[in-house]
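Inspection log for the structure reproduced underneath, given as structure tokens.
Just so we're clear, the structure is a prediction, and the values are computed from it rather than from any experiment. In each ligand, atom 1 is the first atom listed, and ligand 1 is the first ligand listed.
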Amino acid sequence: MRNPVLIGVAGGSGSGKTTVARELFRQFQNDSVTMIEQDSYYKNQDHLKMEERQLTNYDHPFAFDNDLMLSHLQDLLKGKAIEKPIYDFKEHTRKKETLLIEPKDVIILEGMLILEDERIRGLMDIKVFVDTDADVRIVRRMLRDIEERGRSMESVVNQYLNVVRPMHLQFIEPTKRYADVIIPEGGYNRVALDLLSTKISNILLEKQQLANT
Ligand code: C5P
């Protein structure tokens, strides 16, 4: 295995960051590539009743177990496998099972608040922020949350206005300044994706050359 490259893909909920991350994943499948989602590291809430879990602010940095995510990323970068948690959006907590993730040459870390924690930011070779207008983000989120996460239209609207929007402005938007690259309109921006892929290949080569000297 070569010295791994860590690429962070941040952006608001519904920005298209998952599409960007998946597209990069697809392009590097010949090298070995793995994807880590910050959502997997939402804190365990087994000890709380459902009504209490529904009141949690999931858009605040405190909702995530960044210590665990940091140590998992450090392990992967050292070439060690991890047991990645699996998050259940319907139950608002972690599942009992975990997923074994083997170390790979390219690690793509995707999540709303991955640029917010200085320790995690510091591990990244490339920091990307996917920047999409708020109206597009809310429409995408509405469709996804109703279809995949068992939510009603009313709950999506209330959560968006009371929590998602203010937290986005307070915590996510300011992290744009840490990005090396800001991609407008996410996964449909071919030029940006091609530029990123070229850069990742170059970093991989540089790291390999360094390891060979
Ligand atoms: O995939 P995406 O980045 O959109 O996922 C993050 C969003 O999931 C957050 O904006 C948060 O409001 C939402 N979430 C939720 N219920 C949970 C955990 C997260 O609605 N139990």
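By the 30° and 60° cut-offs, the orientation of the rings of Phe171 relative to His60 is perpendicular. Ring geometry for Phe89 versus Tyr42: interplanar angle over 60°, hence perpendicular rather than tilted (30 to 60°).
Near Tyr87, meaning under 4.0 Å from any of its heavy atoms, are these atoms of ligand 1: 17 (C), 18 (C), 21 (N). Close contacts of ligand 1 with Asp39, meaning ligand atoms under 4.0 Å from a residue heavy atom, involve 1 (O), 2 (P), 5 (O), 6 (C).
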Counting only pairs under 3.5 Å, give me each side-chain donor-acceptor contact of residues 158-166, with atom names and distances, residues two or more places apart or in other chains.
residue : atom : partner : partner atom : Å
Asn158  : ND2  : Glu154  : O            : 3.4
Gln159  : OE1  : Arg141  : NH2          : 3.2
Asn162  : ND2  : Asn158  : O            : 3.1

Side-chain donor-acceptor pairs of residues 69-76 under 3.5 Å, sequence neighbours excluded:
residue : atom : partner : partner atom : Å
Ser71   : OG   : Leu68   : O            : 3.3
His72   : ND1  : Tyr41   : OH           : 2.7

**Message:** Please determine whether side-chain contact (heavy atoms from CB on, under 4.5 Å) holds for the pair Gln170 and Asp59, giving the CA-CA distance in whole Å, both sets of side-chain angles, and the decisive distance to 0.1 Å.
**Reply:** CA-CA 10 Å; Gln170 188 174 348; Asp59 293 80; over 6 Å; no

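With Arg144, Arg141, Met112 as candidates, the residue nearest to atom 2 (P) of ligand 1 on a non-hydrogen basis is Arg144. Among Arg149, Arg151, Glu91, the residue whose heavy atom lies nearest to atom 16 (N) of ligand 1 is Arg151.
Residue His92 touches ligand 1 through backbone and side chain together, judged by heavy-atom distances below 4.0 Å.
Between the side chains of Gln45 and Thr56, a donor-acceptor pair is found at a separation under 3.5 Å.
Ranking the protein heavy atoms by distance from atom 14 (N) of ligand 1 puts Tyr58 CB, 3.8 Å first. Atom 9 (C) of ligand 1 has Asp59 OD2, 3.2 Å as its closest protein atom, hydrogens excluded (heavy atom only). The protein atom (non-hydrogen) at minimum distance from atom 4 (O) of ligand 1 is Ser13 OG, 2.6 Å.
Between Asp125 and Lys207 a salt bridge is recorded (basic side-chain N to carboxylate O distance below 4.0 Å).
For the ligand labelled ligand 1, residue Lys17 lies inside the 4.0 Å heavy-atom shell.
Between Asp145 and ligand 1, no pair of N/O atoms sits closer than 3.5 Å. The shortest N or O to N or O distance between Gln159 and ligand 1 is under 3.5 Å.
In this structure, Arg94 fails the cation-pi test against Tyr87, since its NZ or CZ atom is not both closer than 6.0 Å to the six-membered ring centre and inside 45 degrees of the ring normal.
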